[in-house]
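Presented below is the structure to which this report refers.
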Amino acid sequence: MAGLVVSGTQVSYIGQDCREIPEHLGRDCGHFAKRLDLSFNLLRSLEGLSAFRSLEELILDNNQLGDDLVLPGLPSLHTLTLNKNRITDLEYLLDHLAEVTPALEYLSLLGNVACPNELVSLEKDEEDYKRYRCFVLYKLPNLKFLDARKVTRQEREEALVRGAFMKVVKPKVSSEDTASSPECHYTPLPSASRELTSHRGVLGKCRYVYYGKNSEGNRFIRDDQL
């Protein structure tokens, strides 16, 4: 089988551009594999993973897995890496992992929007990442490593106290919302004076004040204009 590498209980199927887990992979290797590496593919679904019930390590780096990611129950899985995928909904993922991977101790989410750091946005800083770690550890208190960094005792204690408040919800603006919103053109006039049919007087505050002693504009006014 081209691209398949098997060494004992370790199975690698790397860089094969597959969009889903091949059926033959689970049929031939699912019953004995304890470590499965599917990195550098085009995976959008993990449907075929149900054949690998004895997995302890799962590597899914550099795929196209998104917020619809669904894992089967993997009671022995202790290591999961999802680096460089398309995951944005952190809370959904963590709730799902808490349910289907109760033995999880090592998790890495670097390169996903759900993991706020400079790998995904230059606007993120260390404080954003600390809050993220606090929330992850609140949801998954048994983790020993998160994103290749060991979980400290201080982080664990802080997650117990503050983790529930570390969730950051950002509104999602779709392209449809942007297209349907009216374009706003700048005008220096108050809003009530924009309609041409409106003849009401409008008062407004001007940010510019003239402090000169003489009115320079009056020299251009003729007597018949007074």
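What you see is a predicted model, and the numbers here were worked out from it, not measured in a lab.
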Give the minimum heavy-atom separation between Pro141 and Tyr138, together with the two atoms involved. CD-O, 4.0 Å
Checking Leu49 against Leu74 for the side-chain contact (heavy atoms from CB on, under 4.5 Å) test, could you report, in this order, the C-alpha distance in whole Å, the side-chain angles of both residues, the deciding distance, and whether it holds? CA-CA 10 Å; Leu49 200 61; Leu74 297 172; 4.3 Å; yes
Closest non-hydrogen contact found for Leu77 with Glu57 is CD1-N, 3.6 Å
Side-chain donor-acceptor pair present, Ser39, Asp37, cut-off under 3.5 Å: yes
Taking all non-hydrogen atoms of both residues, which atom of Leu42 and which atom of Asp17 are closest, and how far apart? CD1-O, 3.7 Å
Parallel under 30°, tilted from 30 to 60°, perpendicular over 60°: which one fits the rings of Phe145 and Tyr106? parallel
Please examine the side chains of Cys115 and Asp147, heavy atoms only from C-beta on, and report whether any two atoms are closer than 4.5 Å. yes
For the hydrophobic clusters of this structure (ILVMFWY residues joined by side-chain heavy atoms under 4.5 Å, transitively), does one cluster hold both Ile87 and Phe40? no
Expected output: side-chain Asn112 to main-chain Leu109 donor-acceptor under 3.5 Å: yes
I need the minimum non-hydrogen distance between Leu143 and Leu107, along with the two atoms involved. CD2-CB, 4.0 Å
Mark yes when over 12 heavy atoms from residues, nucleotides or ligands other than Glu157 sit less than 6.0 Å from its CD; otherwise mark no. yes
Using 4.0 Å as the upper bound for N to carboxylate O, is an ion pair formed by Arg44 and Glu20? no
